[in-house]
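Note that the structure is a prediction, hence the values are computed from the model and not measured.
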Amino acid sequence: MTAILDSDRRIISQSVHLALVLSVLEYDRKKIEGTSFKIKNVYLNLIEHTMLKVQADLKVIKEDMKRNQLRVQRGKNDGFATEYDFYCRGYHEPHRFYNTNLKNNTQKLLIYYLMRNKE
């Protein structure tokens with residue numbers, strides 16, 4: 001039996017994936033700033049608007065984590081998988097996320113947030 005509930009594990013996983021989405025958006029924003037698009041402000045505004053939505057959702061997740069005494073810490077990346085340490089009310093649980101799964105889930109979330117911008 002694990003000490004961390006599935007609901008807590010989902011909250012922690014969401015924080016990992018949303019942090020990766022923010023990282024990707026920040027990387028893309030810097031790349032676009034350094035290029036010579038004809039109308040790059042449109043792309044920059046789209047990215048910044050998307051980042052604000054992700055940050056708002058991540059803030060809610062972080063509040064849930066604080067309320068439930070959850071913490072996550074990134075560990076080693078061996079090129080195949082990335083380790084994360086989940087902490088929940090004094091219990092520790094190591095997790096390995098395959099990098100391809102992290103990439104796929106980040107891509108799905110990115111598509112979701114970019115499509116959500118149509119609102």
Side-chain angles (χ1 to χ4, degrees):
M1 184 172 133
T2 64
I4 300 178
L5 300 173
D6 285 339
S7 59
D8 291 337
R9 199 174 291 113
R10 272 193 298 278
I11 292 170
I12 296 172
S13 290
Q14 285 177 331
S15 76
V16 167
H17 289 99
L18 288 178
L20 288 172
V21 169
L22 273 179
S23 170
V24 167
L25 288 168
E26 181 62 29
Y27 176 83
D28 291 348
R29 186 180 65 78
K30 287 180 182 176
K31 285 292 189 181
I32 288 174
E33 285 176 345
T35 61
S36 60
F37 279 92
K38 289 198 184 236
I39 310 174
K40 71 175 156 183
N41 284 339
V42 173
Y43 298 105
L44 289 174
N45 287 338
L46 176 65
I47 287 175
E48 289 169 2
H49 184 70
T50 304
M51 286 176 75
L52 289 174
K53 288 184 176 188
V54 173
Q55 287 169 341
D57 289 349
L58 189 56
K59 181 181 179 188
V60 171
I61 296 292
K62 295 283 185 181
E63 289 168 354
D64 286 346
M65 288 177 67
K66 187 173 185 176
R67 184 174 34 265
N68 294 328
Q69 299 175 9
L70 305 172
R71 198 167 53 93
V72 64
Q73 187 173 14
R74 186 177 176 163
K76 298 176 185 174
N77 180 347
D78 62 8
F80 184 66
T82 303
E83 294 178 5
Y84 286 89
D85 294 312
F86 291 4
Y87 297 94
C88 177
R89 295 178 282 284
Y91 292 100
H92 170 252
E93 200 173 275
H95 282 268
R96 288 177 51 91
F97 290 92
Y98 293 111
N99 291 342
T100 53
N101 288 346
L102 284 173
K103 180 181 176 182
N104 291 338
N105 289 334
T106 301
Q107 184 175 347
K108 287 177 189 174
L109 279 171
L110 192 54
I111 289 169
Y112 167 76
Y113 279 100
L114 288 170
M115 298 311 253
R116 201 168 114 185
N117 273 329
K118 291 182 177 183
E119 297 172 351

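We find the CG-CG distance between Leu114 and Leu46 to be 5.5 Å, quoted to the nearest 0.5 Å. Rounded to the nearest 0.5 angstrom, Thr100 OG1 and Gln107 CD are separated by 12.0 Å. The CD1 atom of Ile61 sits 15.5 Å away from atom NZ of Lys66, with the distance rounded to the nearest 0.5 Å. Considering CG of Leu109 and CG of Asn104, their distance stands at 11.5 Å, rounded to 0.5 Å. In this structure, Lys62 NZ and Leu70 CG are separated by 11.0 Å, a value rounded to the nearest 0.5 Å.
Between Thr106 and Lys103, the closest side-chain pair of non-hydrogen atoms is not below 4.5 Å. In this structure the side chain of Leu110 reaches within 4.5 angstrom of the side chain of Leu25, judged on heavy atoms.
No path of Ile, Leu, Val, Met, Phe, Trp and Tyr side chains, each step under 4.5 Å between heavy atoms, connects Ile47 with Val42, placing them in separate hydrophobic clusters. In the hydrophobic clustering of this structure, Val60 does not group with Tyr113; members are Ile, Leu, Val, Met, Phe, Trp, Tyr whose side-chain heavy atoms approach within less than 4.5 Å, directly or through other members. Following chains of ILVMFWY side-chain contacts shorter than 4.5 Å, one cannot reach Tyr98 starting from Val72, and the two form parts of different hydrophobic clusters.
Among all heavy-atom pairs drawn from Cys88 and Asp8, the shortest one is SG-OD2, 3.6 Å. For the pair Glu33 and Lys40, the tightest heavy-atom approach, listed with the atom from each and the gap, is O-NZ, 2.8 Å. Nearest heavy atom pair, residue Arg71 against residue Met65, reads CA-CE, 3.9 Å.
With hydrogens and angles disregarded, no donor-acceptor distance shorter than 3.5 Å links the side chain of Arg29 to the backbone of Leu44.
Remark: Ser7 engages Leu5, Arg10 in a side chain to side chain contact (heavy atoms under 4.5 Å, CB included) (not counting sequence neighbours).
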Could you tabulate the donor-acceptor pairs under 3.5 Å formed by side-chain atoms of residues 13-23, not counting sequence neighbours?
{"residue": "Ser13", "atom": "OG", "partner": "Arg9", "partner atom": "O", "Å": "3.1"}
{"residue": "Ser15", "atom": "OG", "partner": "Ile12", "partner atom": "O", "Å": "2.6"}
{"residue": "His17", "atom": "ND1", "partner": "Ser13", "partner atom": "O", "Å": "2.8"}
{"residue": "His17", "atom": "NE2", "partner": "Asn105", "partner atom": "ND2", "Å": "3.4"}

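In the displayed structure, Leu52 atom CG is contacted under 6.0 Å by more than 12 heavy atoms of other residues, nucleotides or ligands.
Salt-bridge formation is detected for the pair Arg67/Asp64: a Lys NZ or Arg NE/NH1/NH2 atom is positioned less than 4.0 Å from an Asp or Glu carboxylate oxygen.
Under the 30°/60° scheme for interplanar angles, the aromatic rings of Tyr84 and Phe97 are found to stand perpendicular. Note: His92 and Tyr87 have tilted aromatic rings, judged against thresholds of 30 and 60 degrees for the angle between ring planes.
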